[in-house]
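This one's a predicted model, so the numbers in the text were calculated from it and none came from an experiment. Protein chains get the first letters and strands the later ones, always in sequence-line order, with residue 1 at the start of each.
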Amino acid sequence: MIDLRLLRENPDLVRSSQRARGEPEGPVDALLAADSRRREAGARFDRLRAEQKDVGRSVAKASGAERDGLLERAKELAAEVKAAEAERDAAADEADRLVLELSNVVDPEAPVGGEDDFVVLAEVGSPRDFAAEGFEPRDHVELGRLLGAIDVERGAKVSGSRFYYLTGVGALLELALVQLAIDQAVGAGFVPMIPPALVNPPAMEGTGFLGQAAENVYRLEADDMYLVGTAEVPLAAYHMDEILDAERLPLRYAGFSPCFRREAGSHGKDTRGIFRVHWFDKVEMFSYCRPEDSFAEHRRLLAWEQEFFAKLELPYRVIDVATGDLGSSAARKFDCEAWIPTQRRYRELTSTSNCTQYQSRRLAIRMRDAEGVRPLATLNGTLCAVPRTIVALLENHQQADGSVRVPAALQPYLGGCPLLASRVP
RNA sequence: GGAGGCGUCGCCUAGUCCGGUCUAUGGCGCCGCACUGCUAAUGCGGUUGGGGCCCUAAGCCCCUCGAGGGUUCAAAUCCCUCCGCCUCCGCCA
């Protein structure tokens, strides 16, 4: 959630942020009104409650007629306190509800606009010229079939559309990618984590996924639990309701977890293969740091993502996502998009967001330093989303005969194997 | 799933039976000051978090004893519901 103090002092900043996102400004004024009603009723409650406590203490000491008089006054006060409390709570409930409707205040550096208004920050490597090499590239579904690595037909039979089996070298490839990613993260000082993929409502609400993204979250009705769409959820909620010593920051975690996404509203999009699926595994980086360090930390997460792309020898570009396309928690977001030969375009493989203090306020995660206690900043970034990485790897490193070259950095994790050989000639 | 025990302001802990200066005790840790060749020890003071009065400071006030309700003039204390942890039993990879 945003800082209420900031909202009171500079409501125009919040309004213009909402505008940049293409989100309504109405809640801003409704929230200001509810907040002011909450404070008025709260102050009234405080005064009455102080008097009530005072009279109550006198009752204990008094006796006889004096006591009866005090009791009468005490009863009146009890009723007035209750009324003021009810008013305060009603206003607070409304304010709480409204504040959750407001997205994070966007970073002024972020490009303003919609999905197509991103700015390209870098292009690294160059797409292969398959025509010059004399063959038409196969897509990952075909390559996966030739290698015996991906089985989408049986995925659909057993679980429905957008499900798959990784088989044989496909399964080995996932384990190798995950191990490569974890090794890199641990080498960079991250604490590796295997978090729960099923979380309770406070954890899911706190990370901000039950707002505009709610329709993409799987919920287990019988148990009132949620399946996480990313390890960001359990890694952010890990320190929920805690006050961290600023000396320990930054805290960096690398979580490996399954990710579940309903993909509502994306019917008909990326229906072929394993580019967009309901379930996949992912290694996610997560940082807790001082708010003033978050911008530098964001660049570091991006650099670690790029390091991983380099190891996989994939051509890609980095984009600065426009304000209208940010998640509600993010103030700024960078995506790394790999070149997908058969789609002839760049597609998102990783994404890193600076959530500033938005997420930590919702989750009540704070830090203590010389200046006192205040919310800290949280950031997240994908290190390796397995199926999309496999798609990029197969398509970019394929050979004319359907075999796939293994990048040098990945070979040790595949028993030194330099080539995934096609089983079907 | 069943039975029992427990949950107090960083950690440990008193208080809960029997409601009222509990305005929550003490210890550890931490911070400041004093004393001291230095350190240690000792002494004194401070030390939950959130909110409001108000923009800051001082100061004052309210809330916070796992969470939420209830009873009462008054709840850490009594009642109800829920959550978590521990022990034992059952079941299970």
Does a donor on one side chain and an acceptor on the other come within less than 3.5 Å for A:Asn104 and A:Ser329?
-> no
In this structure, are over 12 heavy atoms from other groups packed under 6.0 Å from A:Ile194 atom CD1?
-> no
Which part of the nucleic acid, if any, lies within reach of A:Val55 when heavy atoms closer than 4.0 Å are counted: base, sugar-phosphate only, or nothing?
-> nothing
Under 4.0 Å: is that the gap between some side-chain N or O of A:Arg44 and OP1 or OP2 of B:rG52?
-> no
Examine A:Phe286 together with A:His239 and report whether their ring centres are nearer than 6.0 Å.
-> no
With P as the reference atom in both, quote the distance from B:rG27 to B:rA14 in angstrom, rounded to an integer.
-> 15 Å
In Watson-Crick or G-U wobble terms, with both distances under 3.5 Å, the base opposite B:rC6 is B:rG84
How would nucleotides 54-64 of chain B be written as a contact map, 5' to 3', with B for base contact, S for sugar-phosphate-only contact and - for no contact, using protein heavy atoms under 4.0 Å?
-> --S----SSS-
Taking for each residue the nucleotide of RNA chain B with the nearest heavy atom, is it A:Ala43 or A:Asp89 whose nucleotide lies nearer the 5' end?
-> A:Ala43
Given atom CG of A:Asp93 and atom P of B:rG69, what is their separation to the nearest angstrom?
-> 10 Å
Presence of salt bridge, A:Arg97 and A:Glu101, under 4.0 angstrom | yes
N or O in side chain of A:Arg366 less than 4.0 angstrom from B:rG50 OP1/OP2 | yes
Measure the distance from CZ on A:Arg248 to P on B:rC30 and round it to the nearest whole Å.
-> 17 Å
How about A:Tyr226 and A:Val233: do any of their side-chain heavy atoms sit closer than 4.5 Å?
-> no
Applying side chain to side chain donor-acceptor pair (under 3.5 Å) to A:Ser360 and not counting sequence neighbours gives none
Euclidean distance, atom CZ of residue A:Arg368 to atom P of B:rC11 [Å, nearest integer] = 11 Å
Respond yes when some side-chain nitrogen or oxygen of A:Gln52 is under 4.0 Å from OP1 or OP2 of B:rC73, and no when none is.
-> no
Interatomic distance, A:Leu48 CG vs B:rC53 C1' [rounded to whole Å] | 15 Å
